[in-house]
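Computation of the quantities below employed the complete heavy-atom set of this structure, encompassing side-chain atoms and omitting hydrogens, waters and symmetry-equivalent molecules. Being a predicted model, the structure only gives us computed values, none of them experimental. In listed order, ligands and their atoms are each counted from 1.
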Amino acid sequence: MTGATTPGLVCAHHHLYSALARGMPAPARTPRRFGEILELVWWRLDRALDAEIIEWSAKLGALEALASGTTAIIDHHESPAAVDGSLDVIAAACAEVGVRVDCAYGVTDRHGPEGAAAGLAENGRFIRAGGRGHVGVHAAFTCTDATLEAAAGLARDLGVGVHVHVAEGPDDADGPARLAALAGDDWLIVHAVHLDRDLPGTIVHNPRSNMNNGVGYARPAARPNPVALGTDGIGADMLDEFRLAYVRHREDDVTATPDDAWGWLTGGWDLFTEALDDRVTWDYPVAEPWHLAFTTGVRPVEVRVGDEVVWAGGAPTRVDAAEVRARAAEQAARLFARIEELG
Ligand SMILES: [Zn+2]
């Protein structure tokens with residue numbers, strides 16, 4: 001059987017820092033709404049990150065991306081105790097494994113004006129030094145208007161878009177109104193579940209994450225924007241995310257076909273065109289939506305990034321998978337201890 005080939009797949013919204021989160025210490029109480037999930041889970045995790053944890057988390061995430069035929073990741077990062085240089089750590093970790101990455105630091109006023117300034121500076125420093133990136137913003141509801149304006153202005157000056165969570169939950173209901181005068185076509189509008197108006201930019205749909213957080217269905221098919229798919233940090237298996245995007249769409253509209261979700265998956269190539277130079281050979285002979293929507297467990301046999309084979313025979317060629325997993329497990333143990341320590 002000859003396997004089908006495709007370009008490398010693109011994860012249009014990831015959080016590589018969350019690759020070590022699985023199995024983390026349970027929150028003090030059960031979160032009952034989206035805002036509490038952020039406060040009790042993710043904002044406990046991000047402040048415990050240091051450079052070494054970020055490095056091995058990114059390597060594990062990059063390894064898992066290749067294992068799923070994903071060669072390009074658009075990442076959104078936050079590590080308030082280790083801001084400076086954090087995007088370099090992620091970029092270097094991905095380069096070592098052989099995965100393309102586009103980095104952003106999620107600017108926020110949650111840690112005061114100094115925290116927001118440090119986040120803006122990290123985006124500016126990384127991109128000015130030649131890094132591939134967007135200017136990251138956590139979300140409008142954790143930023144002042146001045147910070148949103150500064151991020152939009154920095155992005156304009158650098159000639160890149162802004163990568164921002166928008167209207168993911170009810171907490172950010174006024175986000176679209178506050179961003180309306182700032183957003184442009186090169187922005188990544190992540191989630192867009194509770195959008196009360198159209199904004200320019202590409203909507204990045206993350207169906208698994210939205211279901212996991214109980215925030216509702218984004219209905220990307222009803223929007224005029226280009227759409228791409230992301231995982232929001234839950235791995236980088238884009239065929240799996242495509243299948244989920246399809247069934248979630250179908251649950252909402254039984255006349256939906258896999259062609260829409262396939263269009264969202266392939267929309268990633270408009271954001272990360274370099275992935276079109278990559279080649280994935282799959283262990284299944286057909287790579288088209290009506291097959292892949294209903295065929296689970298399709299895996300890459302070989303992955304080429306540019307001219308280099310980076311995955312072959314079930315293993316990465318540039319790094320030792322067992323070592324990456326072992327070192328990542330050590331850093332996960334450190335991360336969990338730091339989370340408990342910080343309370
Ligand atoms: Zn996210």
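Screening residues 147-164 for side chain to side chain donor-acceptor pair (under 3.5 Å), with sequence neighbours left out, gives His13-His163, Asp109-Thr147, Thr144-Thr147.
Protein N/O/S atoms found under 2.8 Å from the Zn ion (ligand 1): His13 NE2, His15 NE2, His165 NE2, Asp232 OD1.
Taking 4.5 Å as the limit, every side-chain heavy atom of Leu16 sits out of range of all side-chain heavy atoms of His77.
Every ring pair (Phe, Tyr, Trp, His ring centres under 6.0 Å) that Trp262 has, sequence neighbours left out, goes to Phe242. Arg304 pairs by the salt bridge (charged side-chain N to carboxylate O under 4.0 Å, His left out) definition with Glu302, not counting sequence neighbours.
Distance alone, capped at 3.5 Å, places no donor-acceptor pair between the Asn213 side chain and the Val215 backbone.
Using a 4.0 Å cut-off between a side-chain N of Lys or Arg and a carboxylate O of Asp or Glu, Arg44 and Glu341 do not qualify as a salt bridge.
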